[in-house]
Amino acid sequence: MSRIPLIAGNWKMYKTGPEAIETATQLVRLCTDVQDMDIMIAPTMLSLPLVAQSVQASNIKLGSQNLYFEKEGAFTGEVSAAMIKAAGAQYAIIGHSERRQFFGDTDALVNKKIRAALSCGLKPILCIGETEEQRDAGKTFLILDKQVSDGLKGVVLDELTDLVLAYEPVWAIGTGKTADTLQVDEVHQYLRSLLENLFSKTFADSVRILYGGSVKPANVADLMGIKDVDGALVGGASLDADTFFNIINYNS
Ligand code: 13P
């Protein structure tokens with residue numbers, strides 16, 4: 001089954017509104033001729049509607065870095081899935097390890113956020129990944145199994161067509177250490193078979209599984225060459241339009 005690659009940039013808590021507009025505008029210009037690939041950027045919530053204007057009528061899609069699962073209400077400081085969608089986003093990154101680490105996002109909370117995204121027609125990018133300690137203790141698959149199973153608990157196959165999975169080993173994020181191709185290959189194959197066991201083979205074959213963690217122009221081609229890698233979730237190297245374009249354009 002052919003899966004269109006997705007190269008996604010997670011801008012984390014970087015860039016003011018004007019800075020986000022500037023980078024997005026440069027990216028639109030650089031990416032005009034890119035075909036057969038989905039490109040997404042996820043600026044801060046504040047910049048979503050601004051960047052939506054910059055990428056309008058281009059081949060660059062927008063995503064949020066998080067959302068809150070309630071529809072609306074007295075939840076000071078939070079933003080709902082419907083608000084994100086209305087701001088122009090199509091994707092929502094959910095369960096990023098920085099959310100899990102610094103903001104208490106548990107698998108149960110991640111599950112509620114996934115459901116909220118799906119109910120609004122936002123494509124969720126479910127992030128999973130083990131810490132160095134968990135890998136050293138031989139618990140990588142156990143952790144990933146729990147993050148996927150609990151994150152998708154109670155969601156039926158019909159609702160899940162737009163799911164994207166992102167494997168981001170915590171020890172590779174922002175560290176310059178990339179998982180080697182054998183490690184990535186092993187985990188991505190495992191994740192696809194896990195999806196097959198939880199849902200179906202047809203579904204598992206259709207889901208895009210991204211790799212994230214110190215992806216750069218120098219390593220992206222090797223990573224994208226791995227059979228079950230369908231794209232990348234890029235942090236630091238997505239902040240500069242030229243560098244990010246070199247990742248997107250890895251094939252040329
Ligand atoms: P880096 O590419 O900076 O390692 O970040 C990866 C990441 O967390 C993307 O979501």
Side-chain angles (χ1 to χ4, degrees), residues 5-15 19-20 23-24 27 38-45 47-48 51 60-67 84 89-105 110 113-114 117 122-132 134-135 140 143-144 147-148 151 163-181 183-184 187-188 191 208-224 226 229-250:
L6 168 63
I7 305 283
N10 174 7
W11 286 358
K12 307 194 180 184
M13 200 175 75
Y14 291 99
K15 298 186 188 293
E19 288 165 352
T23 309
L27 208 55
D38 286 341
I39 307 164
M40 186 276 268
I41 47 178
T44 65
M45 292 288 188
S47 293
L48 271 182
V51 173
I60 298 180
K61 313 263 177 16
L62 211 54
S64 68
Q65 302 173 15
N66 182 35
L67 56 78
I84 290 164
Q90 292 185 24
Y91 291 86
I93 298 172
I94 295 175
H96 191 280
S97 63
E98 286 149 17
R99 299 279 335 157
R100 295 177 190 260
Q101 189 181 348
F102 303 125
F103 304 100
D105 284 20
V110 166
K113 292 182 176 188
I114 293 277
L122 277 175
K123 302 178 205 298
I125 302 181
L126 170 58
C127 298
I128 53 171
E130 80 288 0
T131 62
E132 189 151 39
Q134 289 162 339
R135 175 165 280 269
T140 299
I143 295 294
L144 297 174
Q147 289 174 337
V148 173
L163 177 77
V164 178
L165 215 54
Y167 170 55
E168 300 204 300
V170 178
W171 48 272
I173 295 178
T175 58
K177 269 196 231 175
T178 322
D180 67 43
T181 46
Q183 288 169 323
V184 177
V187 169
H188 280 234
L191 291 172
R208 291 183 289 187
I209 308 179
L210 315 184
Y211 169 79
S214 299
V215 176
K216 324 180 249 285
N219 60 21
V220 64
D222 283 347
L223 290 162
M224 292 299 290
I226 302 169
V229 172
D230 308 305
L233 184 52
V234 188
S238 71
L239 294 170
D240 173 76
D242 288 311
T243 310
F244 192 40
F245 176 66
N246 285 334
I247 292 177
I248 293 163
N249 206 26
Y250 71 93

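Just follow the structure's listing: the first ligand is 1, and inside any ligand the first atom is 1. Atom set for the values below is all heavy atoms of this structure, side chains included, hydrogens, waters and symmetry mates excluded.
- Polar contact with ligand 1: present for His96 (N/O pair, distance under 3.5 Å).
- Residues satisfying the side-chain hydrogen bond (donor to acceptor under 3.5 Å, both in side chains) criterion with Glu19, sequence neighbours excluded, are Thr16.
- Remark: Arg100 engages Asp107 in a side-chain hydrogen bond (donor to acceptor under 3.5 Å, both in side chains) (not counting sequence neighbours).
- Nearest to atom 4 (O) of ligand 1 by heavy atom, out of Gly212, Ala237, Gly174, is Gly174.
- In terms of heavy atoms, Tyr211 sits closest to Ala172 at OH-CB, 3.6 Å.
- Across every non-hydrogen atom of Leu48 and Gly63, the tightest pair is CD2-O, 3.4 Å.
- The closest side-chain heavy-atom distance from His188 to Asp230 is not below 4.5 Å.
- Below 3.5 Å of separation, one finds no N or O of Leu233 facing any N or O of ligand 1.
- Although no hydrogens or angles enter the test, the distance criterion places a donor-acceptor pair under 3.5 Å between the side chain of Lys15 and the main chain of Leu239.
- Shortest contact from atom 2 (O) of ligand 1 to any protein heavy atom: Gly235 N, 2.9 Å.
- The main-chain N or O of Gly129 is never found under 3.5 Å from a side-chain atom of Glu168 such that the two would form a donor-acceptor pair.
- Among all protein heavy atoms, the one lying closest to atom 7 (C) of ligand 1 is Glu168 OE2, 3.2 Å.
- Ligand-side atoms of ligand 1 in range of Ala172: 4 (O), range being under 4.0 angstrom from any heavy atom.
- For ligand 1, the atoms lying closer than 4.0 Å to a non-hydrogen atom of Ser214 are 1 (P), 2 (O), 4 (O).
- For ligand 1, the polar-atom distance check against Gly236 finds a nitrogen or oxygen pair separated by under 3.5 Å.
- For ligand 1, the atoms sitting less than 4.0 Å from at least one non-hydrogen atom of Lys12 are 5 (O), 6 (C), 7 (C), 8 (O), numbered in the order shown with element in parentheses.
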